[in-house]
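Heads up: numbering here begins at 1 and tracks the sequence.
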Amino acid sequence: MSDLFELSHFDEYREDNRREVKKANGGLPTNLWETYSAFANCYGGVIILGVKENSDGTWKTTGLKDESQLLKDFWNTINNKEKVSFNILNNEDIEIEKIADKQVIIINVPRANRKNKPVYINNNPITGTYKRFHEGDFKCTEYE
């Protein structure tokens, strides 16, 4: 899928400017879209749903309650122009995998091409455009 994430190296990864994990066992995390915007506007990245970050930075698989419903909600939201300005993903960018006998969703977010930038959320390019630094998603300034 991506050189950013290989299942065989799962235990070696930590969150950084190209990798993010989200628990997602109660549905799609609300901050998922900030990360999507940040990855799309910067260098791309991988979002893994069904994994939490421990206090020491390691990852633990929590799994998902209903991955098919999460995928349906994901596609409905990412294609809703009121929530996300531009969907740069296709079916090949998302996979359901099993890690430690638990299902996870791996979302490979490519870097948006110049004509689609900025990728922003909540129908507002001024307050809804994000960038990625280290492990965090940060709002862009109006100038940026």
Side-chain angles (χ1 to χ4, degrees), residues 1-80 82-113 116-142 144:
M1 164 177 256
S2 167
D3 59 349
L4 295 174
F5 182 77
E6 296 276 337
L7 282 177
S8 60
H9 297 285
F10 179 81
D11 291 329
E12 299 169 25
Y13 291 123
R14 302 295 179 267
E15 285 190 352
D16 58 21
N17 68 332
R18 307 283 306 272
R19 295 178 193 93
E20 175 82 15
V21 296
K22 298 190 181 291
K23 207 168 162 186
N25 62 358
L28 289 177
T30 55
N31 64 356
L32 167 68
W33 306 111
E34 295 167 5
T35 303
Y36 170 78
S37 170
F39 281 165
N41 290 324
C42 291
Y43 302 105
V46 175
I47 303 168
I48 306 166
L49 304 179
V51 176
K52 76 171 192 167
E53 182 181 27
N54 296 316
S55 60
D56 66 356
T58 60
W59 294 353
K60 179 180 176 165
T61 307
T62 57
L64 302 168
K65 291 182 182 173
D66 188 352
E67 62 275 356
S68 61
Q69 183 61 50
L70 276 176
L71 278 178
K72 181 179 178 182
D73 293 345
F74 178 85
W75 286 115
N76 286 338
T77 305
I78 201 167
N79 287 298
N80 176 352
E82 296 294 312
K83 184 62 182 175
V84 179
S85 65
F86 198 80
N87 174 12
I88 59 173
L89 302 181
N90 58 52
N91 288 326
E92 291 77 36
D93 293 319
I94 298 181
E95 292 182 20
I96 297 175
E97 295 287 349
K98 197 173 257 193
I99 300 174
D101 292 324
K102 296 180 181 171
Q103 298 285 85
V104 300
I105 295 174
I106 302 168
I107 305 166
N108 184 40
V109 181
R111 181 180 190 171
N113 66 41
N116 297 328
K117 286 183 179 182
V119 174
Y120 55 90
I121 61 172
N122 299 327
N123 211 23
N124 190 328
I126 304 300
T127 62
T129 301
Y130 289 80
K131 58 188 172 185
R132 184 78 175 189
F133 291 113
H134 191 53
E135 296 178 20
D137 305 316
F138 300 91
K139 282 188 179 187
C140 291
T141 64
E142 186 173 348
E144 291 172 312

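- Two residues are said to be in side-chain contact when any heavy atoms from C-beta on lie closer than 4.5 Å; T77 and L32 fail this criterion.
- Residues I105 and F74 fail the side-chain proximity criterion, which asks for heavy atoms closer than 4.5 Å.
- A distance-only check finds a donor-acceptor pair linking the side chain of T62 to the backbone of G50 [under 3.5 Å].
- Of all heavy-atom pairs spanning Y130 and C140, the tightest one is C-SG, 3.8 Å.
- In this model, a donor atom of one side chain and an acceptor atom of the other lie less than 3.5 Å apart for N41 and S37.
- Scanning both residues, N116 and A112, for their nearest heavy atoms gives CB-CB, 4.5 Å.
- To the nearest 0.5 Å, the span separating CG on L28 from CG on N76 amounts to 10.0 Å.
- When side chains are defined from C-beta on, K83 counts as touching N122, because their heavy atoms get closer than 4.5 Å.
- Minimum interatomic distance between A38 and D137 (heavy atoms only, all atoms of both residues): CB-OD1, 3.4 Å.
- Taking a 6.0 Å sphere around CD of E144, one finds it holds more than 12 heavy atoms contributed by other residues, nucleotides or ligands.
- When all heavy atoms of L89 and V109 are compared, the closest pair comes out as CD2-CA, 3.9 Å.
- Of the inter-residue distances, the one linking I107 atom CD1 with Y36 atom OH reads 10.0 Å to the nearest 0.5 angstrom.
- Using a 30° and 60° split on the angle between ring planes, F138 and F133 fall in the tilted class, from 30° to 60°.
- Here CD1 of I47 is found 8.0 Å from CH2 of W33. Values are rounded to the nearest 0.5 Å.
- Interatomic distance, OG1 of T127 versus OH of Y120, reported as 10.5 Å (0.5 Å rounding).
- A heavy-atom distance below 4.5 Å is found between the side chains of P29 and L49.
- Rounding to the nearest 0.5 Å places NZ of K139 at 8.0 Å from CD1 of I121.
- A donor-acceptor pair is defined here as one N or O able to donate and one able to accept, closer than 3.5 Å; such a pair exists between the side chain of R111 and the backbone of C42.
- Once rounded to the nearest 0.5 Å, the distance linking NZ of K23 with NZ of K60 reads 9.5 Å.
- N25 is not listed as a side-chain neighbour of K52, based on a closest heavy-atom distance of 4.5 Å or more.
- Taking each heavy atom of R132 and N17 in turn, the nearest pair found is CG-O, 3.3 Å.
- In this structure a side-chain-to-backbone donor-acceptor pair under 3.5 Å is missing from T58 to N54.
- What you find for I106 and V46 is that their closest heavy atoms are CG2-CG1, 3.7 Å.
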